[in-house]
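Following: one structure in structure tokens, then a few remarks.
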Amino acid sequence: MMEKRPFVSLEQIQEMVEKFPTPFHLYDEKGIRENARKLHQAFAWNPGFKEYFAVKATPNPFILRILKEEGCGTDCSSATELMLSESCGFSGKEIMFSSNDTPPEEFAFAHKLGAVINLDDITHIACLEETLGTIPETVSCRFNPGGIYTISNGIMDNPGDAKYGMTEVQLMEAYKILKEKGAKHFGIHAFLVSNTVTNDYYPMLAKTLFELAVRVKKETGIQAEFINLSGGVGIPYRPEQEPNDILAIGEGVRRVYEEVLVPEGMGDVAIYTECGRFMLGPYGCLVTKAIHEKHTYKEYIGVDACAANLMRPAMYGAYHHITVAGKEEEVCDHKYDIVGSLCENNDKFAVDRMLPEIAMGDYLVIHDTGAHGFAMGYNYNGRLRSAELLLKEDGSVALIRRAETAKDYFATFDFCDLLKAY
Ligand SMILES: *Cc1c(COP(=O)(O)O)cnc(C)c1O
């Protein structure tokens with residue numbers, strides 16, 4: 001079993017809490033940059049390669065700016081994600097708009113920014129044309145092969161049950177219509193399996209999409225200029241999981257590219273990715289303090305964070321590794337449920353977890369919260385979202401989003417006006 005160590009020490013946490021009280025999400029700039037460089041190295045063989053970071057995973061402007069410096073674009077699915085991208089200096093084709101069930105005015109906004117629009121459905125062509133008065137020159141379509149998509153070590157998902165994307169028949173038709181209406185540059189996109197911890201997913205998906213691109217060319221005369229492998233590359237949440245080797249993944253995609261696309265004269269197709277979890281997941285953690293212990297039918301440790309700060313365990317029963325800061329070397333001989341304060345019994349960061357004995361005031365580091373962590377925050381029970389901090393490369397710490405206050409919680413109504421109206 002691999003040791004899972006936090007990127008932050010007890011001493012660093014003790015220093016941080018003097019200025020920033022727990023709970024907070026902390027991000028590791030060095031880890032983010034090194035990982036982004038590795039991804040680019042893995043796909044350096046493809047001249048048009050671009051990673052469009054999925055903003056929904058970690059919608060923080062400081063994080064987006066780091067990724068911009070590393071050569072990434074953004075992948076957005078809503079107006080506010082587009083605004084965030086624009087405010088961070090992303091423009092035009094550095095922005096991918098991969099949304100579904102899209103409000104028409106968001107198509108208009110994305111188009112105004114010059115973003116590449118990725119259509120989730122054939123019916124959206126009419127909506128797009130009606131909204132924009134035109135069809136953009138560059139447009140992408142999202143594919144859904146249906147059925148069950150199985151990759152190595154039993155990992156699979158059920159695209160046939162997913163609301164995203166078009167059937168192959170619809171996709172062919174969509175390209176023909178788009179071309180007729182004036183589109184000139186085309187892309188193909190698919191996202192079939194989430195959080196894959198195997199080096200086989202991207203190469204397999206690439207094969208599916210490359211072969212599709214060849215059929216599209218034969219049937220419609222359209223040659224895709226980019227193929228977007230989207231997200232889905234996972235991270236090892238559990239200590240016994242082997243991390244993905246992104247260099248091996250890039251090499252796997254290259255082999256399929258040379259086998260399928262190059263012989264068809266399609267050796268200039270750009271590869272795009274929209275990784276979120278892989279880019280940020282391991283480089284964020286939630287730091288929280290033990291504030292209560294309770295001994296009833298089980299042993300509970302109550303912490304000052306709750307599911308409003310990290311929803312994944314409550315929502316999917318997701319495993320997040322926990323380290324008691326400063327007790328990394330101690331034996332895990334105590335069995336605990338680590339819980340937050342929400343009046344919902346699924347507000348548990350861990351159930352029956354073996355950990356060292358926890359004392360009140362201990363800091364717990366909840367691992368791998370860098371993606372889909374803070375981002376899924378909500379205000380149930382009137383709980384407020386925490387601060388986000390950045391551990392910079394030089395070891396200093398910056399506040400990159402302050403914690404919400406009661407004022408934020410009440411900002412969407414005015415007591416006086418409401419009482420008058422009532
Ligand atoms: C969520 C999402 C992503 C990112 O997925 P990860 O699993 O975090 O890599 C990419 N593209 C689209 C369209 C998404 O909805």
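Atoms within a ligand are numbered from 1 in the order they appear, just like the ligands themselves.
Under a 4.0 Å N-O distance rule, the pair Arg37/Glu34 does not qualify as a salt bridge. Salt bridge status for Arg255 with Glu259: absent, with no side-chain N to carboxylate O gap under 4.0 Å. Salt-bridge check for Glu129 with Lys181: passed, with a basic side-chain N closer than 4.0 Å to an acidic carboxylate O.
In this structure, Tyr283 has its ring center at least 6.0 angstrom away from the ring center of Phe7.
Between Tyr319 and His321, the angle of the ring planes lies from 30° to 60°, which puts this pair in the tilted group.
In this structure, Asp268 and Gln223 have side chains that are in contact, with non-hydrogen atoms separated by less than 4.5 Å.
Around ligand 1, the residues contributing at least one heavy atom under 4.0 Å from the ligand are Ala54, Lys56, Asp75, Ser98, Arg142, Phe191, Ser230, Gly231, Gly232, Glu274, Cys275, Gly276, Arg277, His372.
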